[in-house]
Each structure stands twice: as C-alpha cells, then as structure tokens.
Amino acid sequence: MEREVGLDQLGDLALHIILSKLGPEDTVRVSCVSRRLRLSTSEDSLWALFCFQDLQLSTPQDHQGNPASSFKAAYQLWREAFAMYPWPLVKRVKRCWDKLKNWLSNDFPEVEATLRSGASESDIQQLETRLKVKLPLPTRLLYRFHDGQERTDEGHSSTWLGSSLGIIGGYSFYNHLVNVYLLPISQVIEGTRMVIRHLGFSSRSKYIVVAASAYRPKKFFLNCTNGQLYVGTSNLPTDGEMIQCVPNALIRSVHDLHGDQQQDAMLLWLEEHGRRLENGIIKVCEEGNVRSISLFPEVPPLCSTAVTNGVQVIVVRASAAFVPELANLQDSAEKYLFAYSIRMSLLPGGCIIDGMTFSSCQLNWRHWIIRANEAIISDVNGEAVIGQFPLLHPGEDEFVYESCTPLSSSSGSVEGSFTFVPGSSELHF
C-alpha cells in the first residue's frame with residue numbers, strides 16, 4: 001500500500017538533500033509553503049552549497065569582496081547586484097575571471113595586483129553615453145568584475161611602471177616589443193576618442209579600444225554592435241585595416257537580456273587565454289630581471305621539440321606567434337608576419353661523443369627552409385643565429401632567440417637543422 005509523503009513529513013537530512021537538488025530559485029519558492037520549510041530553506045549550510053556551486057565562494061562575501069553576514073545574505077547580494085543580467089552569464093563571467101586570477105595568484109601575482117576593482121553601472125553608462133555605443137552584455141559584465149588594469153608612470157619618465165605586466169602578454173623580436181594590457185574604462189574612452197581624431201574613424205563608429213600594448217602600437221577593438229573583436233594591422237593608421245579575432249559563428253545573442261547563450265568575442269578571447277595559461281601552453285618568461293607572459297607556445301603540438309641525432313644531449317624547442325600589428329593584407333607577397341622563438345639547452349649530463357665527455361657545445365651552423373602553404377619562400381643556410389654562436393653548458397638556462405618571417409599565406413612552416421660542435425668552435429680551428 002503506497003502512501004504520499006509531503007516535504008513537511010521528511011526528516012531533516014532527506015529534506016536537505018532534496019532542497020540542495022532543487023537549486024536556489026526553487027528553494028525560495030518552497031520556503032513559502034510552511035513554517036518548517038521556511039526554517040529548513042534558511043539553513044546557511046544549504047546556501048553555502050549554492051554559493052559554491054554558482055559562484056565558487058568558500059566564504060560569505062559580496063561581489064566587491066566585502067564580508068556578508070551569512071551565505072544566504074551573500075547569495076542575495078550577488079543576485080541583487082547583477083539583477084539586470086542573465087544569471088547563467090554572470091556565473092560564466094565569474095568563472096572566466098576566477099580562472100585567470102587563480103593562475104595569476106600562483107604564477108604571476110604582480111599582474112594580479114594591477115587588476116582594478118569592478119566598474120559600476122554608472123561608469124559603464126558614462127562610457128556608453130560619451131562614445132555613443134551600447135556594450136555587449138558579456139563585455140559589460142567583464143568590466144563589472146574588473147575595470148581593466150592599473151598603469152602608472154610615476155617616477156618613470158620614459159616607460160610605464162610595470163609595462164611588462166599586461167594580462168594578455170606579448171612577444172619580442174629584434175626591437176619589436178609587445179605587451180598587451182586590458183584598458184580601464186577611462187582609457188577606453190580616451191583611446192577611442194584618439195582613434196576617432198587621428199585615424200579617421202567616424203564619430204558614429206561602434207568600435208571602441210579595449211586593449212593595447214604598452215610598447216609598440218598594437219590595439220584591439222570591440223565592435224559594440226555585433227560583439228566581434230578586431231586587432232589593427234600595419235595599415236590601421238592609414239585606412240583602418242583590422243583582422244577579426246574570433247570566428248563569427250561563435251558569437252551570439254550579445255544584447256539579449258533574456259537568453260542564456262550570450263557570448264561575444266571579448267569573453268571568448270579571455271576564456272581561451274585563461275585556458276592556455278591554466279594548461280601551461282603559454283607561460284611567464286624572464287629576460288634579465290623583467291618577467292612577462294610570453295605568447296610563444298610551450299607545449300606540443302604548438303611547440304616542436306627536437307634532440308640531437310636521437311641522443312638527448314642538446315634539446316631545441318621552437319614555436320611561433322602571429323604578429324597582426326605588422327601584417328599588411330594589401331601586400332600579396334608579405335601579407336602576414338610571424339615571429340618565432342628558438343630555445344636551446346644542454347642537458348645536465350653534458351655532451352658525450354665517441355666516449356669523450358665535453359662540458360659544453362657550441363652552435364656552428366643552421367639551415368632553415370620556410371614555406372608558405374607548400375611553396376618554399378626561403379632557404380637559409382649559413383653560420384650562426386642572429387649573428388651569435390651560442391655556447392651551451394649543462395644545466396644552464398636555455399639560450400633563447402627570436403626572429404620573424406613574412407608569409408604570403410596565413411599558414412606555413414619552418415623546418416631545418418642546427419649543427420653543434422662539442423666543446424667550443426675555437427677548438428676546431
């Protein structure tokens with residue numbers, strides 16, 4: 001004989017389990033049924049679970065990091081602060097920032113310290129009024145959590161203090177140095193107005209500058225109408241030439257307040273950046289005493305590793321990065337430019353040739369074959385690299401050099417070999 005059992009008749013543990021499965025919204029509805037259910041739905045352990053599931057909060061606090069009296073109060077404060085936004089999007093944007101900040105906290109706390117507090121709705125409305133745009137919802141939320149990065153040149157007349165601390169990072173080769181920051185709203189307004197004045201953009205343009213390099217001119221533009229992100233090429237100053245950063249098919253519902261599938265290029269870009277950092281695809285590099293996020297990949301298949309004749313004595317690692325700010329889409333022969341990084345090291349065991357042990361080895365020769373698609377465009381065969389003959393010792397830091405090559409196509413390859421001599425080249429002359 002079956003008998004119906006109401007929620008009021010369940011034991012505390014069973015009721016707690018059921019409420020935890022219902023989720024926050026249905027739990028609030030259940031609280032209206034009876035006094036006992038109102039008490040059960042107010043248990044802070046239940047709201048601690050909801051706070052962790054939705055917001056990854058382990059302590060009760062509001063969106064600005066201020067302590068809350070309870071997890072239930074914290075959850076309510078969060079919902080009130082972001083009441084105008086779809087809740088699934090709020091959770092997604094928070095996860096994006098959490099992933100970035102968790103990595104920064106462990107690997108590059110100096111950059112985490114540059115993140116500004118979240119912008120207010122009035123700050124965002126001021127931007128929209130002054131620039132006559134309407135920000136895509138995901139980008140609005142990104143700014144609500146953090147208003148870009150802080151930069152200062154106090155006490156430094158020629159360079160910004162911390163100019164290598166861009167959260168997006170960059171690369172360097174020869175005298176070309178790039179390190180990209182996320183701009184705060186005040187600099188978005190200033191930078192966009194400067195573009196309108198000096199680059200000939202229409203004052204009715206819906207493009208705004210959202211990120212830029214502290215060194216060489218590299219700028220990222222968000223189209224506020226369709227949510228696409230663009231980066232300027234070498235022709236940006238003359239004809240506004242830009243390259244889109246994200247496939248259009250991935251962008252959707254950027255101004256929809258009622259759906260749950262909103263994503264613009266800004267959010268997708270930062271999510272992918274966080275994934276690459278978290279998975280070790282890109283890392284912090286140090287040159288001299290300067291640390292920065294390097295966009296040269298560090299792991300396969302985006303980074304190739306080779307050893308000498310199958311013997312793990314000398315290890316060579318190579319990777320490449322597209323340099324959009326030097327691309328020229330109007331030049332059919334040299335339309336795209338890629339930078340590449342080569343890293344060489346001698347393993348701790350040293351160099352053993354025919355039973356003889358050498359405490360060093362030195363690069364003598366290199367041969368490069370560069371292709372655009374399948375066509376060979378350059379065959380370089382000669383001494384040294386960038387005019388140097390690096391001498392490697394066991395266990396020392398890698399010798400790193402960067403260079404670049406133009407290609408007529410967006411895909412290509414570099415292959416070749418390095419020739420090293422045991423000891424040093426002086427012993428062989």
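Values in this document were obtained by computation on a predicted structure and should not be read as measured data. Residue numbers start at 1 and run along the sequence shown.
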> Charged N to carboxylate O below 4.0 Å: is that the case for Glu383 and Arg366?
Replying inline: no
> Is the distance between the ring centroids of Tyr230 and Phe221 under 6.0 Å?
Replying inline: no
> Within the side chain of Lys206, is there an N or O that forms a donor-acceptor pair under 3.5 Å with the backbone of Lys132?
Replying inline: yes
>> Would you compute the distance between atom SG of Cys96 and atom CG of Leu100 and round it to the nearest 0.5 angstrom?
In response: 5.0 Å
> So, are Lys219 and Glu325 salt-bridged, with charged N and O less than 4.0 Å apart?
Replying inline: no
> So, does His255 use its side chain to make a donor-acceptor pair with the main chain of Cys224 at under 3.5 Å?
Replying inline: yes
> Does any donor atom in the side chain of Asn102 or Ser105 lie under 3.5 Å from an acceptor atom in the other side chain?
Replying inline: no
> Got a second to check how far Phe71's CZ is from Thr59's OG1, nearest 0.5 Å?
Replying inline: 6.0 Å
> How far apart are the closest heavy atoms of Ser164 and Phe108, and which atoms are they?
Replying inline: O-CZ, 4.5 Å
> Do Asn381 and Trp365 have side-chain atoms, one donor and one acceptor, less than 3.5 Å apart?
Replying inline: yes
> Just by distance, do the side chain of Arg144 and the backbone of Ala119 share a donor-acceptor pair under 3.5 Å?
Replying inline: yes
>> Would you say that Val188 contacts Tyr143 through its side chain, given a criterion of any heavy-atom pair below 4.5 Å between the two side chains?
In response: yes
> Between OG of Ser120 and CD of Gln125, what distance do you get to the nearest 0.5 Å?
Replying inline: 8.0 Å
>> With a sphere of 6.0 Å drawn around NE2 of His258, does it hold more than 12 non-hydrogen atoms of other residues, nucleotides or ligands?
In response: no
> For Met84, does the CE atom have more than 12 heavy-atom neighbours from other residues, nucleotides or ligands under 6.0 Å away?
Replying inline: yes
>> Looking only at side-chain N and O atoms, does Thr139 offer a donor or acceptor that is under 3.5 Å from a partner on Asp264?
In response: yes
>> Atom CD of residue position Glu80 - does it have more than 12 heavy atoms of other residues, nucleotides or ligands inside 6.0 Å?
In response: yes
>> Using side-chain contact (heavy atoms from CB on, under 4.5 Å), reason through Phe420 and Met344 one step at a time and then give a plain yes or no.
In response: CA-CA 11 Å; Phe420 293 84; Met344 309 171 182; 3.8 Å; yes
> Counting N and O atoms only, with roles assigned by atom type, does the side chain of Ser294 sit under 3.5 Å from a partner on the main chain of Cys285, one being a donor and the other an acceptor?
Replying inline: no
> Once you round to the nearest 0.5 Å, how far does CG of Leu337 lie from OG1 of Thr405?
Replying inline: 7.0 Å
> Any idea how Phe418 and Trp368 line up, ring-wise: parallel (<30°), tilted (30 to 60°), or perpendicular (>60°)?
Replying inline: perpendicular
> Between Glu128 (side chain) and Leu135 (backbone), is there a donor-acceptor pair under 3.5 Å?
Replying inline: yes
> Do Leu165 and Ser292 come close enough that some side-chain heavy atom pair is under 4.5 Å?
Replying inline: no
>> Rounded to the nearest 0.5 Å, what separates atom OG in Ser172 from atom CD in Glu402?
In response: 4.5 Å
> Could you walk me through whether Ser117 and Asp147 pass the side-chain hydrogen bond (donor to acceptor under 3.5 Å, both in side chains) check?
Replying inline: CA-CA 6 Å; Ser117 299; Asp147 182 15; over 6 Å; no
> Thinking salt bridges, do Glu112 and Lys101 make one under a 4.0 Å N-O criterion?
Replying inline: no
> Does Asp260 reach the main-chain N or O of Pro88 with its side chain, forming a donor-acceptor pair under 3.5 Å?
Replying inline: no
> Are the charged groups of Arg130 and Glu190 less than 4.0 angstrom apart, N to O?
Replying inline: no
> So do His16 and Leu46 actually touch side chain to side chain, heavy atoms under 4.5 Å?
Replying inline: yes
> Can you tell if the side chain of Ile282 reaches within under 4.5 Å of the side chain of His273, non-hydrogen atoms only?
Replying inline: yes
> Can you find a side-chain donor-acceptor pair between Glu398 and Ser345 that sits under 3.5 Å?
Replying inline: no
>> Both conditions, 6.0 Å and 45 degrees, for the charged tip of Arg343 above the ring of Phe399: are they met here?
In response: no
>> Given 3.5 Å as the limit, does a donor-acceptor pair link the side chain of Ser253 with the main chain of Asp256, or not?
In response: no
> Under 4.0 Å between a Lys/Arg side-chain N and an Asp/Glu carboxylate O for Lys91 and Asp54?
Replying inline: yes
> When the ring planes of Phe82 and Phe145 are compared, do they come out parallel, tilted or perpendicular, using 30° and 60° as the limits?
Replying inline: parallel
> Taking all atoms of both residues into account, what is the closest heavy-atom pair of Ala320 and Pro297, and its distance?
Replying inline: O-CD, 3.5 Å
>> Checking side-chain polar atoms at under 3.5 Å, does Ser413 have a donor or acceptor matched by the opposite partner on Glu415?
In response: no
> So, Thr233 versus Glu241: side-chain donor-acceptor pair below 3.5 Å or not?
Replying inline: yes
>> Measuring only between side-chain heavy atoms, which start at C-beta, is Ile251 closer than 4.5 Å to Gln262?
In response: no
> Ser341 pairs by side-chain contact (heavy atoms from CB on, under 4.5 Å) with which of Tyr171, Phe173, Phe296, Tyr401?
Replying inline: Phe296
>> If I compare all heavy atoms of Ala211 with all of Trp269, which pair ends up nearest, and what's the gap?
In response: CB-CH2, 4.1 Å
> When you measure from the side chain of Gln388 to the backbone N and O of Pro390, does any donor-acceptor pair fall under 3.5 Å?
Replying inline: no
>> Any donor-acceptor pair under 3.5 Å linking the side-chain atoms of Asn235 with those of Asp239?
In response: no
> So, for Leu137 and Pro86, which heavy atoms are closest and what is the spacing to 0.1 Å?
Replying inline: CD1-CD, 4.3 Å
>> Using only atom types and a distance under 3.5 Å, with no angle test, would you say the side chain of Asp62 pairs donor to acceptor with the backbone of Asn66?
In response: yes
>> Tell me whether the count of non-hydrogen atoms from other residues, nucleotides or ligands lying under 6.0 Å of CG in Asn106 goes above 12.
In response: yes
> Are Arg116 and Glu150 ion-paired here, with the side-chain N under 4.0 Å from a carboxylate O?
Replying inline: yes
> Do Glu272 and Arg276 sit within salt-bridge range, that is, some charged N less than 4.0 Å from a carboxylate O?
Replying inline: yes
> Quick one: are Val90 and Lys94 in side-chain contact, heavy atoms under 4.5 Å?
Replying inline: no
>> Return the CG to CZ distance between Leu22 and Phe50, rounded to the nearest 0.5 Å.
In response: 7.0 Å
> Can you check whether Ile189's main-chain N or O pairs, donor with acceptor, with Thr192's side chain at less than 3.5 Å?
Replying inline: no
> Got Trp47 and Ser70 here, is their nearest side-chain heavy-atom distance under 4.5 Å?
Replying inline: no
>> Would you say Asn248 and Gln228 are linked by a side-chain donor-acceptor pair, where the criterion is simply a distance under 3.5 Å?
In response: yes
> Does any non-hydrogen side-chain atom of Gln362 lie less than 4.5 Å from one of Leu392?
Replying inline: no
